Amino acid sequence: MRFALMTTTLLRLPPQPQPTARTAPRLWVPRQVLITRSAAGLPHGRAIAERAAALGSAVIELSSDRVVLPKHEDPRAAYRAAKSTMAIVVAPPSKRRLQPIPPSADWRFDLAEGCHAHCQYCYLAGSLAGPPITRVYANLDEILEALPAHLGQGGVTSTSADRAHEGTTFEASCYADPLGIEHLTGGLTKAVRFFGSWDAAVQLRFTSKFADVSPLIGLPHGRQVRVRMSVNAPALIRYEGGTSPLAARIEALSRLARDGYRVGLTVAPIQHFEGWRSGYADLFAQVGQALAGVPDLDLTAELITHRFTPGSKGVLQGWYPGSDLDLDEGARSRKLTKFGSVKFVYPAETMREMQAALTGLLAEHLPAARLLYWT
């Protein structure tokens, strides 16, 4: 297999023993890892490449900063190749420019872009262009050093009477699931230490569908990190291929809470399916049991309903042609975003019904949870 503008230098490190299913969650090992010339010159980039090689990935050093996958006639083959590829790159200034991210946080910053999982309702399908490669950033120090300049300047928590106690909030999982690749990158560990030692009213936030939280346990987070687990009704987890089982995510949330982290639930995407009331009641009951007795529990909830755009629908149906995910535009309401694009959401009556039911179930099973928003 050939790539544009590449050398064939491979980092050959002895493979390390893989954890068994009994002792640890299954970790993603990309089939190939591409490292650009600039990324290879940075210690964090080299460390990522060495971890990947130790796990058995073929690490290919590129002779330039372009990442180009070979073309496939079969779109499904192109998708599979991209999903099994990780690229180590340097985030350019445009990617390091912080953006507001309401209603979640004051600012968004990225440790990576893309995800190796196979969620059939993936919102990144409509947000990121090109092959679905997972790109991780080698210039992490540069990314973190830019954050203090935004202290106190946000428009979500910094200026909110209800959420001002959270301080200036920084979301790290808008375009990636950083926990799912932490065993390769070590980026979250570094970010947690950074926020834990930051003497200011700040909070690092990220959400995940993965359960290997062992790298985070015992870190000096200073209660300035909120980890949310992305969860859904048990019947819908089958749409989330390549992720951790629901029970494992809930157990991971409990481990984090007992280690002093602020925690949360990202319930998404909420769907109106047959038996949805009992499904979400089951979800909240499981979480309630797992978090029972946690001292100083700080728990939030974000409730996000399913929506899609014509573009994301086309991409998802190309990626998952056999999926029975409900993407019926006729059963949805057509709305325009603030940017003038079209999205399809549940009708207003259905939204009101689900909002009333889920907020009631949340209060019943998780009375300590603070609801941040419904959308």
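All figures in this text were calculated on a predicted structure; none of them were measured in a lab.
Considering only heavy atoms from C-beta on, T300 stays 4.5 Å or farther from L265 through its side chain. The shortest distance between side-chain heavy atoms of L55 and H183 falls below 4.5 Å. Under the 4.5 Å side-chain criterion, counting only non-hydrogen atoms from C-beta, M229 is in contact with V213.
The closest donor-acceptor contact from the side chain of T309 to the backbone of S312 lies under 3.5 Å. A donor-acceptor pair under 3.5 Å links the side-chain atoms of T157 to the main chain of G167, judged by distance alone. Remark: the backbone N or O of L299 is not paired with any side-chain donor or acceptor of R262 at under 3.5 angstrom. Of the possible donor and acceptor atoms, none in the side chain of S173 sits under 3.5 Å from a partner among the backbone N and O of D177. Formation of a donor-acceptor pair under 3.5 Å by the T168 side chain with backbone atoms of L151 is not found in this model. Here the side chain of D106 pairs a donor or acceptor atom with the backbone of T169 at under 3.5 angstrom. Panel note: side chain D328, backbone G330; a donor-acceptor pair is recorded below 3.5 Å. Using modelled atom types, no side-chain atom of H272 and backbone atom of M351 make a donor-acceptor pair closer than 3.5 Å. The closest donor-acceptor contact from the side chain of N232 to the backbone of P269 lies under 3.5 Å. Between the side chain of R96 and the main chain of E142, no donor-acceptor pair closer than 3.5 Å is present.
When all heavy atoms of E171 and T207 are compared, the pair lying nearest together is OE2-N, 4.2 Å. Here the closest heavy-atom approach between residue A40 and residue I35 is recorded as CA-CD1, 3.6 Å. Counting all heavy atoms, side chain and backbone alike, A138 lies closest to G45 at CB-CA, 3.6 Å. Pairing each heavy atom of L124 with each of C174, the nearest pair is CD2-O, 4.0 Å. When all heavy atoms of A172 and L204 are compared, the pair lying nearest together is CB-CD1, 3.9 Å.
Under the 4.5 Å side-chain heavy-atom criterion for ILVMFWY residues, a single connected hydrophobic cluster contains both L216 and L297.
With sequence neighbours excluded, the residues satisfying side chain to side chain contact (heavy atoms under 4.5 Å, CB included) with H118 are Y79, K83, Y320. Partners of A77 under the side chain to side chain contact (heavy atoms under 4.5 Å, CB included) rule, at least two apart in sequence or in another chain, are H72, D74, R80. By the side chain to side chain donor-acceptor pair (under 3.5 Å) test, Y121 pairs with E240, sequence neighbours left out.
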Review point. Where do D141 and K190 land on the salt bridge (Lys or Arg N to Asp or Glu O under 4.0 Å) test, with the steps shown first?
Key: CA-CA 9 Å; D141 289 340; K190 196 162 190 176; 2.7 Å; yes

Exercise for review: Carefully, step by step, assess V231 and T266 under the rule side chain to side chain contact (heavy atoms under 4.5 Å, CB included).
Suggested key: CA-CA 6 Å; V231 295; T266 304; over 6 Å; no

Point to revise | CA sep, side-chain torsions, deciding dist, call: T85, L34, side chain to side chain contact (heavy atoms under 4.5 Å, CB included) | key: CA-CA 8 Å; T85 299; L34 313 179; 4.1 Å; yes

Practice item. Would you please test V67 and T36 for side chain to side chain contact (heavy atoms under 4.5 Å, CB included) and show each step? Key: CA-CA 7 Å; V67 175; T36 65; 3.8 Å; yes

Point to revise | Intermediate values then yes/no, side chain to side chain contact (heavy atoms under 4.5 Å, CB included), R108 and L98 | key: CA-CA 6 Å; R108 185 200 101 219; L98 271 61; over 6 Å; no

Check your understanding: Taking it one step at a time, do D162 and S160 satisfy side chain to side chain donor-acceptor pair (under 3.5 Å)?
Key -> CA-CA 5 Å; D162 293 333; S160 166; 5.0 Å; no

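Under 4.0 Å is where a charged nitrogen must lie from a carboxylate oxygen, and between K343 and E329 no such pair does. The pair D110-R135 does not meet the salt-bridge criterion, since no charged nitrogen lies less than 4.0 angstrom from a carboxylate oxygen. Between D298 and R226, at least one side-chain nitrogen of the basic residue sits less than 4.0 Å from a carboxylate oxygen of the acidic one, meeting the salt-bridge criterion.
Residues F210 and H116 bring their aromatic ring centres within 6.0 Å.
Few gaps surround CZ on R223; more than 12 heavy atoms of other groups in view lie less than 6.0 Å from it. Counting non-hydrogen atoms of other residues, nucleotides and ligands closer than 6.0 Å to CD of Q317 gives a total above 12. For K95, the NZ atom is loosely surrounded, since the number of other residues' heavy atoms within 6.0 Å does not exceed 12.
Applying the salt bridge (Lys or Arg N to Asp or Glu O under 4.0 Å) test to every pair with at least one member in residues 352-372, sequence neighbours left out, gives these pairs: E166-R370, R277-E353.
Cation-pi geometry between R332 and Y346 is met: under 6.0 angstrom from the ring centre, within 45 degrees of the axis.
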Please list every donor-acceptor pair under 3.5 Å in which a side-chain atom of residues 192-200 meets a protein atom from a residue at least two apart or in another chain.
| from | atom 1 | to | atom 2 | distance (Å) |
| --- | --- | --- | --- | --- |
| S197 | OG | R193 | O | 3.1 |
| S197 | OG | F194 | O | 3.2 |

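Atom CG of L327 is separated from atom CZ of F344 by 10.5 Å, given to the nearest 0.5 angstrom.
S57 and R31 share no donor-acceptor pair across their side chains, judged by distance under 3.5 Å alone. E182 and T189 are linked by a side-chain donor-acceptor pair at a separation below 3.5 angstrom, with hydrogens and angles left out of the test. For T243 and R249, the side-chain atoms include at least one donor-acceptor pair closer than 3.5 Å.
Alongside L42, the hydrophobic cluster contains V90 (criterion: ILVMFWY side chains under 4.5 Å).
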